[in-house]
Every structure is written in structure tokens, then in C-alpha cells.
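Only one structure is covered here, and it is reproduced in the block below.
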There are 2 protein chains.
Amino acid sequence: MSLRYAVLGLLARRPSTGYELTQTFDRSLSTSWHAGHSQIYPELAKLEAAGLINLVGEGARRSKTYGITDTGRAELRRWLVEAEPDRSQRSESGLRLFLTPLLDPADRMQTFERDLAHVEHELAALEALQADQADTAEPEVFAPQVDLGIRVNTVLRDWLREQIESASA
Amino acid sequence: MSLRYAVLGLLARRPSTGYELTQTFDRSLSTSWHAGHSQIYPELAKLEAAGLINLVGEGARRSKTYGITDTGRAELRRWLVEAEPDRSQRSESGLRLFLTPLLDPADRMQTFERDLAHVEHELAALEALQADQADTAEPEVFAPQVDLGIRVNTVLRDWLREQIESASA
DNA sequence: TATAGCATGTAACGAGTTACATGATTGG
DNA sequence: CCAATCATGTAACTCGTTACATGCTATA
């Protein structure tokens, strides 16, 4: 059911076309949720049928812009505040980390180095985003969330560095 | 495809029945991957047909214990070391956090308090696990992973506390 | 002897991914 | 005018969840 609220939430931020939503899923939401256009277009149809969103305009290239309705806004708030969150996570990286102890030391180091390179890359991207946002009037992402992302990735980076160091010692 | 390797990985740790694997998914792997018995039993059949695991014993209550084969071990290593990891995550909590700025301050605080309570609970559980493990010969979970879990949850807890404080100030 | 927990399976449904398919507009 | 990108949709398939269904064993 989360896709429904993800779409509803993005439309609460601003009216958008399905195409724009697809891009937002890729750019801003990719770290926690993903959805392709083949999921989004049918979901928009369902949400419109349920009266939670409506068509607010049609533009070039037969684009259709949807906006959230008052009913939709109420339903979104209800979900965010009153519905019990599903705390479960699905992360292949977490699974891999869990299985890492099965590898021999050389293979384990190789995977840690690979992961470290990735985390450092992520961290650089987040720090660049934070610097950009400092001088943007309307930030695309809530600044404290970027900060949280940096903190979490820093912990990960340090943990990986310690694993690598303690093994080569 | 991850379920395949999750099952293979757990069987590489020790031979198990489907029932035991189901419990391990709930207890040790629930933070990164979940699978119910209705997924596990068919997967065991597929893995056996592929020659990656085999039946190593039958016990009481028609239980069937499977073990990993050499082929299975090689395939698991290949996946862990050579296959490009899928870094995508699926987390409803992350989605909720992303949408939090849409709420008015009172509602936002309510969700932060709810999340903080949950994180503090998690943290207590992880710290208890860490204390237990100190005097266990054969730890069920790799100690550095528990440590990582504690660090990540600590960052989350502090971030939530800051959000709550800065709003009530 | 009943009930709780061990233990395995299948079926139906819903969610998510990949592939297929088409049309419109802008810029080189 | 052609390629890239914008823009929307459907079909087939795989993965995951919930519900259904059954049988075994220990213990109270």
C-alpha cells in the first residue's frame, strides 16, 4: 500500500505529471522507495477513481498533470499520523553484510573495500547537495534529511574503515 | 534473486530445516530481509533441484534438514564477491520521513515522538544482545554487525531528539 | 486427551520488474 | 529530417503476502 501514499505525498508537494513523478522517485526517493512508470500510471488512475487526486491540466505531448484533492490530503495525513508504520526494511546490502562472515579474509576485505568506495561516493554526493541547498530558496529535499543521510553514511564509512584496518593489523 | 542467496547463506552457516530458516529470517535477518515459510519451502525445492543444497537428514515431525553442497558454496561466494550488489533499499520509514515536512508542526512532532520511542526500544534490544554476546562462545550474530546497528540507531535517535528540541524551542 | 508449538506444504492475490508499444516535441 | 527526450500506456512475468490446509509430538 505504500506506493499509493508515496504518489499522494509527492502530489501534495506540488501537482505533477506521471513522468515527473517517475523522475522524482529516481532522484529524491531512490534511497527509500522505488517505482517505475509502469507502476505509477496505473496508480494515478486508481487514485483518480478513488477521488484522492484529480486532473488539473493537460499540456504538450499529451501530458496530464494531477493534483491532490482535499480528500486526498486528509487520507495522506491519516496515514502519516495515525496508521501504524511498517518498520520492515528490504535491503540486499544488509543481507550481504550479514553473510560476510562466511567469506575468507581476502574475499571479505574485497567486499568491504567495494562497499567503502560506494559509501564514500554517496557521502560526497550528499555533501555536494548540502552545499547547493545552502543557497537555494526552495530546497528540493528537506535539509535535516540530507543531514541525517550524511550522519548515517559517515557511521557506515567509519565502520567499514575499522573492519578493514582491524583485519590488516 | 536475493531470497535464493539468503537461504543458501543461512544453510552455509549450518544445516537447517525450512522451519528453522523461517525463524532465523524473523530473528536475525528481519532488519534487512524478510521471508515467510510459504516462500522458503518452494525455494528449498528449487535449490535442491539445482544441486545447490541437498537433503542431509530427516527427523521427527517429518522435518527435513538441508545442507549446502560444494556447488552451492561456490555459487554463494560468486554472488557475494563477484556479483554487482543491488544497492536499492525499500523502507516505508524512509518514505514517511521524506513526507514528514508536509505535516503541520503538531502532527510532525507526534510522528517524531513515535519514531523516537521505537528507535530507543531497538537500541535497548541491540545493547542487550551485545551484553549477552560478550559471554557466549558461539555468537549467533557477528559482533561488529551488532555494533554497527547500535551506531546507526544512535545517529537516528540523536537526529530525532534534535528535531523535537529545535521545534519546541 | 486436548492444546500448543513443531513442521511442511499449496493457492490466491497483490505488488513490483522487465519488456513491449506508441506518439509528440525540441534541438541539432 | 533525425535523434534524443518527453510522455503515456499495457502485457507478461516474477516476487512476496495472506490465507488455507494438514499432520506430528511433547506436556500439562
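Keep in mind that the numbers below use all heavy atoms, side chains included, and drop hydrogens, waters and symmetry copies. Residue numbers begin at 1 in each chain, while the letters A, B, ... track the order of the sequences.
Heavy-atom contacts of chain A under 4.0 Å fall on DNA chain C between two terminal nucleotides, which in 5' to 3' order are C/dA15 to C/dT26.
Distance CD1/B/Ile68 to CG/B/Asn54: 10.0 Å, rounded to 0.5 Å.
Annotation: salt bridge (Lys or Arg N to Asp or Glu O under 4.0 Å) contacts of A/Glu43 (sequence neighbours excluded): A/Lys46. Legend: residues meeting ring pair (Phe, Tyr, Trp, His ring centres under 6.0 Å) with A/Trp79, ordered by chain and number and at least two apart, are A/Tyr5. In this structure, B/Asp86 has no salt bridge (Lys or Arg N to Asp or Glu O under 4.0 Å) partners at least two apart in sequence or on a different chain. With sequence neighbours excluded, the residues forming a salt bridge (Lys or Arg N to Asp or Glu O under 4.0 Å) with A/Arg161 are A/Glu120, listed by chain and number. Remark: B/Leu160 engages B/Phe112, B/Asp115, B/Leu116, B/Val119, B/Leu156 in a side-chain contact (heavy atoms from CB on, under 4.5 Å) (not counting sequence neighbours).
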### Task
Evaluate side-chain contact (heavy atoms from CB on, under 4.5 Å) for B/Leu10 paired with B/Val7, printing each intermediate quantity in order.
CA-CA 5 Å; B/Leu10 293 182; B/Val7 169; 6.0 Å; no
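Applying a 4.0 Å cut-off to non-hydrogen atoms, the residues of residues 54-69 of chain A that approach DNA chain D are A/Arg61, A/Arg62, A/Ser63, A/Lys64, listed by residue number. Contacts with DNA chain D (heavy atom under 4.0 Å) in residues 82-97 of chain A: A/Arg90, listed by number. Near DNA chain D, meaning a heavy atom under 4.0 Å away, the residues from residues 31-50 of chain B are B/Trp33, B/His34, B/Ser38, B/Gln39.
Residue A/Tyr19 places no side-chain N or O under 4.0 Å from the OP1 or OP2 atom of D/dT8.
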Please table the atom pairs, donor to acceptor, closer than 3.5 Å between any side-chain atom in residues 34-42 of chain B and protein atoms at least two apart or in another chain.
from	atom 1	to	atom 2	distance (Å)
B/Tyr41	OH	B/Tyr19	N	3.4

Quick one: side chains of residues 121-132 of chain A, donor-acceptor pairs under 3.5 Å with protein atoms, not counting sequence neighbours, listed by atom name and distance.
none

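Rounded to whole angstrom, the span from the CG atom of B/Asp26 across to the P atom of D/dT17 amounts to 11 Å. We find that CE of A/Met1 is positioned 14 Å from P of D/dT17, with the value rounded to whole Å.
Taking Ile, Leu, Val, Met, Phe, Trp and Tyr as members and joining any whose side-chain heavy atoms lie under 4.5 Å apart, directly or through other members, A/Val56 forms no hydrophobic cluster with any other residue.
Look at A/Glu82 and A/Arg77 and you find a salt bridge, because one of the NZ, NE, NH1 or NH2 atoms lies within 4.0 Å of a carboxylate O, short of that distance.
Under a 3.5 Å cut-off, the side chain of A/Ser166 and the backbone N or O of A/Ile164 do not form any donor-acceptor pair. For B/Arg114 (side chain) and A/Val81 (main-chain N/O), a donor-acceptor pair under 3.5 Å exists by modelled atom type.
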